[in-house]
Every structure is written in structure tokens, then in C-alpha cells.
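First listed ligand is number 1; within each ligand, the first listed atom is number 1. The figures that follow rest on heavy atoms only: side chains count, while hydrogens, waters and symmetry mates do not.
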Amino acid sequence: MADKASLTIGDKNFDYPVMSGSVGPDVIDIRKLYGQTDVFTYDPGFTSTASCQSQITYIDGDAGILLHRGYPIDQLAEQSNFMEVSYLLLNGELPGSDELEQFTRTITRHTMLHEQLATFYRGFRRDAHPMAIMCGVVGALSAFYHDSTDITDPRQRMIASHRLIAKMPTIAAMAYKYSVGQPFLYPQNDLSYTGNFLRMTFGVPAEPYEVNPIIEKAMDRIFILHADHEQNASTSTVRLAGSSGANPFACIAAGIACLWGPAHGGANEAALNMLREIGRPERIPEYIARAKDKDDPFRLMGFGHRVYKNFDPRAKVMQQTATEVLDDLGISDPVLDTARELAEIALKDDYFIEKKLYPNVDFYSGVILSAIGFPTTMFTALFALARTVGWVAQWNEMIADPEQKIGRPRQLYTGPTQRDYVPVGKR
Ligand code: SDX
């Protein structure tokens, strides 16, 4: 690739350096463009814009490749666990056994919430969406953990990161318990990260809770599949919030708010609701037609992706996990048959082939989560739980980046040019 890009504006020529990463597209460094040319670039949705340099996650959308610190997602899903992947995302290397044990112990010991935070839940209606609760409670953490809000102190940044990773399962489980009117369960330190979450969610004080190893492994793998994904909308939100110097708890609350949208993390809830609405394979053609109809706002939820123009590698692992979990649990859910049939038909349809639309991470996840016993309203909260490690890893990387400055995009202004105020009696 060339080492510079030339731009001609009118009768003037401008050269900009081309930068190369370790893999993937080169970038044109246009940081001096406005100062030299008085023009902005225009890229709504940032489809052609690299917002930062990062060493955490690499996606090749055409090849359907996803690497976390260089390790393929299918290998991590198959051979690793969420605590180990969390360490990898945060620190850049897979941990040795002592490092993993130390990290897991640290996370385990941060799983309890300040007791007063439990009163926050009682301020919500019982039918509050868990994501509304997550936004509120996670943002409120900054009112309780003042000793880890100084972002200039690497030690405080790491404590806040550990607290967020550790407390998200507790916060999410409490949101579920509150919605079903059951008492909160405290974390139990002799359980795994994922086992502890399952017990806090589905256990009751009235009897012991046995963690089902099949469900524990499936849930842990689902957490791995959702852990990080480059500069997606919610991660970019966390980075932008962090660029102003906001405390980590406020930044993650902003990421949760962005993830909630049905075009992003909210798609897992929307996808299962869509599959249930379709109900039977015979109704699939009707929904395929609606998804293709430009005049119909309906989109096939769990399908398509800004970056993947091939199979989302996470969707492949998720589909295989859905089959395994339902078989192991002896559950036959017609929704999985509908999902498979829908994917098969769509992938043969010219519209989806031409627009390179494939199932994404959200297409099959709901089938598994439903089989485990989660209501659809909890699906995006689970996505937020898992993505927190990616958000804090990207936030730490941004804070430590010497090139980092407050994010402040410009615009193409198309509004009224200057005009004088007219008093109301003269309008
Ligand atoms: C996540 O960014 C990430 O990395 C996100 C994520 C992560 O881990 O953080 O991977 C998680 O958010 C996955 C995506 C979940 N969202 C959904 O499943 C909702 C349904 N999908 C669409 O809304 C859509 O595909 C998006 C939002 C995911 C991507 O939107 P884009 O970038 O606008 O899609 P595109 O430009 O590739 O679309 C190309 C064409 C368009 O038609 P034209 O304007 O060219 O005529 O395909 C159409 C789109 O209208 N299209 C769809 C479609 N997705 C795109 N048509 C029908 N059904 C769909 N699902």
C-alpha cells in the first residue's frame, strides 16, 4: 500500500500519510486536513472512519474473522473460559495458572454490592425493563465507589475495572429477582463467576441451588461470545464518554444505554420475539417479504451487520451451542427449528445474498437463553454483563493512549444562515 494519499481540492494538492496496522485496512491520517484545507470529511455512522488505534480485537468482516488479542473467537469459545478471556482482554496475554487464580480471586471478592444500592431497586416499578435498572444502578456506582474514580491513577482504573466486571452479574441478577418479586441472593465465593451468576438469578433462600454444569458452560461460552467487538456503537459510546474524563461507572452506564437499542444489543430480545411471532416455518416467506420491502420498516432481527459481510463467527458457535444445550437439557424448542429454517431460506434469497446479510451474534442466542430460563427482557442485560469487560478494556486503552483527546466530531451545517430576531408581534 502507498505511504501517502493525495487529495486535490480546486487547484491545490494535499498529501496525507497512510498508516498500516498489524493486519487489516490501512488508514489515511487526516488529522491535519481541516487545518490545511478548511474542509471536513463527511462520514455519518463512521462506516469509513477509524476512531482510534487499538490492540484488543480485530474483525475481518469479509472473511468472518474475530480475534481477541490475536486468538480466534471459536478457539476461545471452545477451549477457554470467561474469566481467562477477561484477563486476556484487559492485559493482552493469556494468564498463567497463578495469574488466572489471582485474577479470579480478585473478581470474586468484588462481587458484593454496597448494601444501600439494594434500595435503588425498590424505587423502580416491578415491571421496569432490566436495562433501565442496569443504566440507573451502574451509573449510581459512582456515588458509592469514590476511591476508584480518579482516572489519572492506573491503580484506581484497574480497581474500577475489576469492580465493574465483578458487580455486573450481581446487578443483573438483582434486576431479574426484583422483576419476579423474589428476594436478592448474595454472591457465593465458592462458585465460579458464571455459576455464581446463575445461583443469584435462579436460586432462592428457601433451598440450596445446584449449578447445572451444562448450563454453566453454555452461559460462560455466551459471555465469551459477547465480551468485546472492536469499535461498535456502545464501545464507541464508552470511549467518547471517557474522552471527557468522566468516571468509569458513568462511562459504562452510557455504554449500557447505547447497547439497549434494537439495532445493537437489543436485537437479541427482538430476534427471539420475532421468531416467536413467526411461530411456524410456513409463515417465514411472509416475514422474508416484509424484510425485503423498502416501504416496510421491519428488518430481520439478528440478521445483518455493519462489519460482517459473511457469517458472524459468533453466530456459528452460538448455533452449535443452541443445539447442544437443547439436546443436553432434553428440550425441543420449535423456535430453534424456525430460526434454522429462516436462516436457510434467507441465505438462499437474492436480497440477502446481494446485500451480504448473514445471521449475527443475536440470531440464535435467545433460543439458548430462553431454554436456560431467562425472560426475553433479560437478554440485553446479559449482553451488557458480558460486554462490560470489553468496554473497560477499551476504556483503559483509550485513557492510556497518548494520542487520546476529547472526542468532538464536526458537521455539515445545512440549517438557516444568520438572520435577525423578529419580535413576536411582528411575525
Ligand atoms: C450487534 O457493531 C457491532 O459490532 C455490533 C455487535 C457487537 O458485538 O457489538 O456485533 C452486536 O449489534 C449485532 C447487530 C444486531 N442488530 C440486528 O440484528 C438488527 C437487524 N440488523 C440491522 O438493523 C442492520 O443489519 C444493522 C443495524 C446491524 C447494520 O445496519 P447497516 O450498517 O445500516 O446495514 P447495511 O448498511 O449493511 O445494510 C445494507 C442493506 C440496507 O439496504 P439498502 O439501504 O442498501 O437498500 O441491507 C439492509 C439495509 O436496509 N439490511 C437489512 C437488514 N440489515 C440490513 N434488511 C433486512 N433485514 C436486516 N436485518
Side-chain angles (χ1 to χ4, degrees), residues 43-51 54 56-62 64-68 73 77 85 89 131 222-239 255-275 278 284 286-318 339 342-343 345-347 349-366 376 379-380 382-391 393-394:
D43 186 16
F46 313 117
T47 44
S48 301
T49 295
S51 61
S54 179
I56 299 173
T57 290
Y58 173 69
I59 301 170
D60 180 331
D62 293 327
I65 289 171
L66 168 56
L67 308 177
H68 288 319
I73 188 64
V85 171
L89 290 169
M131 285 298 277
I222 288 171
F223 286 162
I224 292 173
L225 294 175
H226 287 84
D228 189 54
H229 212 237
E230 200 210 69
Q231 304 313 317
N232 58 83
S234 53
T235 298
S236 299
T237 301
V238 170
R239 279 179 171 261
I256 294 170
C258 177
L259 185 75
W260 194 359
H264 190 13
N268 55 13
E269 176 178 358
L272 191 72
N273 290 339
M274 174 193 74
L275 291 168
I278 293 173
I284 289 174
E286 171 197 337
Y287 283 82
I288 295 272
R290 286 188 56 197
K292 293 159 64 174
D293 179 356
K294 277 220 109 18
D295 299 324
D296 188 331
F298 173 77
R299 283 194 159 183
L300 222 44
M301 301 315 280
F303 247 77
H305 199 276
R306 171 59 57 79
V307 177
Y308 289 122
K309 302 308 169 189
N310 195 325
F311 260 96
D312 179 336
R314 301 168 298 176
K316 286 183 181 172
V317 178
M318 202 69 85
L342 175 58
I345 294 173
L347 292 173
D349 185 291
D350 289 345
Y351 173 90
F352 293 88
I353 295 169
E354 178 215 311
K355 294 181 186 294
K356 297 183 179 178
L357 303 176
Y358 291 83
N360 60 46
V361 67
D362 296 311
F363 188 67
Y364 294 103
S365 57
T376 52
F379 291 1
T380 310
L382 299 173
F383 195 149
L385 187 168
R387 185 53 58 90
T388 293
V389 64
W391 286 332
Q394 299 270 354

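- Residue Val307 places every heavy atom at 4.0 Å or more from ligand 1.
- Of the candidates Met274, His264, Glu354, it is His264 that places a heavy atom closest to atom 1 (C) of ligand 1.
- A pairwise comparison of heavy atoms in Tyr364 and Ala339 identifies CE2-CB, 4.1 Å as the closest pair.
- Given atom 2 (O) of ligand 1, the protein heavy atom at minimum distance is Asn232 CB, 3.4 Å.
- From the protein, the heavy atom lying nearest to atom 4 (O) of ligand 1 is His229 ND1, 2.6 Å.
- Taking all atoms of both residues into account, the shortest heavy-atom contact from Ile256 to Ala384 is CG1-CB, 4.3 Å.
- In terms of protein heavy-atom proximity, atom 15 (C) of ligand 1 is nearest to Asp362 OD2, 3.2 Å.
- Set against the non-hydrogen atoms of Ala267, the atoms of ligand 1 under 4.0 Å away are 15 (C), 16 (N), 17 (C), 18 (O).
- In this structure the side chain of Asp362 never reaches within 4.5 angstrom of the side chain of Met301, judged on heavy atoms.
- Of the options His68, Glu230, Gln231, a side-chain hydrogen bond (donor to acceptor under 3.5 Å, both in side chains) to Thr57 is made by His68 and by none of the others.
- Counting heavy atoms from C-beta outward, Asp350 and Ile353 have side chains that approach closer than 4.5 Å.
- The distance from atom CZ of Arg387 to atom SG of Cys258, rounded to the nearest 0.5 Å, is 10.5 Å.
- Residues Asp43 and Thr49 bring a donor and an acceptor atom of their side chains to less than 3.5 Å of each other.
- Nearest protein heavy-atom contact of atom 9 (O) of ligand 1 is Arg387 NH1, 2.8 Å.
- No heavy atom of Lys356 sits closer than 4.0 Å to any atom of ligand 1.
- Using 4.0 Å as the threshold, Lys292 has no heavy atom nearer than that to any atom of ligand 1.
- Not a single protein heavy atom sits closer than 4.0 Å to atom 39 (C) of ligand 1.
- At least one N/O-N/O distance between Lys355 and ligand 1 falls below 3.5 Å.
- In this structure, the protein non-hydrogen atom closest to atom 58 (N) of ligand 1 is Leu300 N, 3.1 Å.
- Residue contacts with ligand 1 leave out Ala270, since none of its heavy atoms falls under 4.0 Å from the ligand.
- Of the protein's non-hydrogen atoms, Arg299 NH1, 4.1 Å is the one closest to atom 26 (C) of ligand 1.
- Annotation: side chain of Leu347 is in contact with side chain of Phe303 (closest heavy-atom distance under 4.5 Å).
- Between Gly302 and ligand 1, at least one pair of N/O atoms sits closer than 3.5 Å.
- For atom 56 (N) of ligand 1, the nearest non-hydrogen atom from the set Phe303, Tyr351, Tyr358, Phe352 comes from Tyr351.
- Within the 4.0 Å heavy-atom cutoff, Lys309 counts among the residues contacting ligand 1.
- Heavy atoms of Arg314 approach ligand 1 to within less than 4.0 angstrom.
- The protein heavy-atom contact nearest to atom 53 (C) of ligand 1 is Leu357 CD1, 3.8 Å.
- The nearest protein heavy atom to atom 51 (N) of ligand 1 is closer than 4.0 Å.
- Distance from atom 16 (N) of ligand 1 to its nearest protein heavy atom, with residue and atom name: Ala263 O, 2.9 Å.
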Quick one: side chains of residues 286-298, donor-acceptor pairs under 3.5 Å with protein atoms, not counting sequence neighbours, listed by atom name and distance.
residue : atom : partner : partner atom : Å
Tyr287  : OH   : Glu277  : OE2          : 2.7
Tyr287  : OH   : Arg283  : NH2          : 3.3
Arg290  : NE   : Asp296  : OD2          : 2.7
Lys292  : NZ   : Asp349  : OD1          : 3.3
Lys292  : NZ   : Asp349  : OD2          : 2.8
Asp293  : OD1  : Asp295  : N            : 2.7
Asp296  : OD1  : Phe298  : N            : 2.7

List the atom pairs, with distances to 0.1 Å, where a side-chain N or O of residues 304-318 and a protein N or O form a donor-acceptor pair under 3.5 Å, not counting sequence neighbours.
residue : atom : partner : partner atom : Å
His305  : ND1  : Val307  : N            : 2.9
His305  : ND1  : Tyr308  : N            : 3.2
Arg306  : NH1  : Gly45   : O            : 3.0
Tyr308  : OH   : His229  : NE2          : 2.8
Lys309  : NZ   : His305  : O            : 2.5
Asn310  : ND2  : Asp62   : O            : 2.9
Asp312  : OD1  : Arg314  : N            : 2.8
Asp312  : OD1  : Arg314  : NE           : 2.9
Asp312  : OD2  : Arg314  : NE           : 3.2
Asp312  : OD2  : Arg314  : NH2          : 2.7
Asp312  : OD2  : Val361  : N            : 2.9
Arg314  : NH2  : His229  : NE2          : 3.4

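- Within a 4.0 Å radius of atom 44 (O) of ligand 1, the protein contributes at least one heavy atom.
- Expressed to the nearest 0.5 Å, how far CG of Leu259 lies from CG of Asn268 amounts to 8.0 Å.
- Between Thr380 and Gly266, the shortest heavy-atom contact is OG1-CA, 3.4 Å.
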Quick one, Ser234 with Trp391, criterion side-chain contact (heavy atoms from CB on, under 4.5 Å). Give me CA distance, side-chain angles, the key distance, then yes/no.
CA-CA 8 Å; Ser234 53; Trp391 286 332; 3.2 Å; yes

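- Within ligand 1, counting atoms from 1 as listed, the ones closer than 4.0 Å to a heavy atom of Lys294 are 43 (P), 44 (O), 46 (O).
- Residues Leu342 and Leu300 have side chains in contact (heavy-atom distance under 4.5 Å, counting atoms from C-beta outward).
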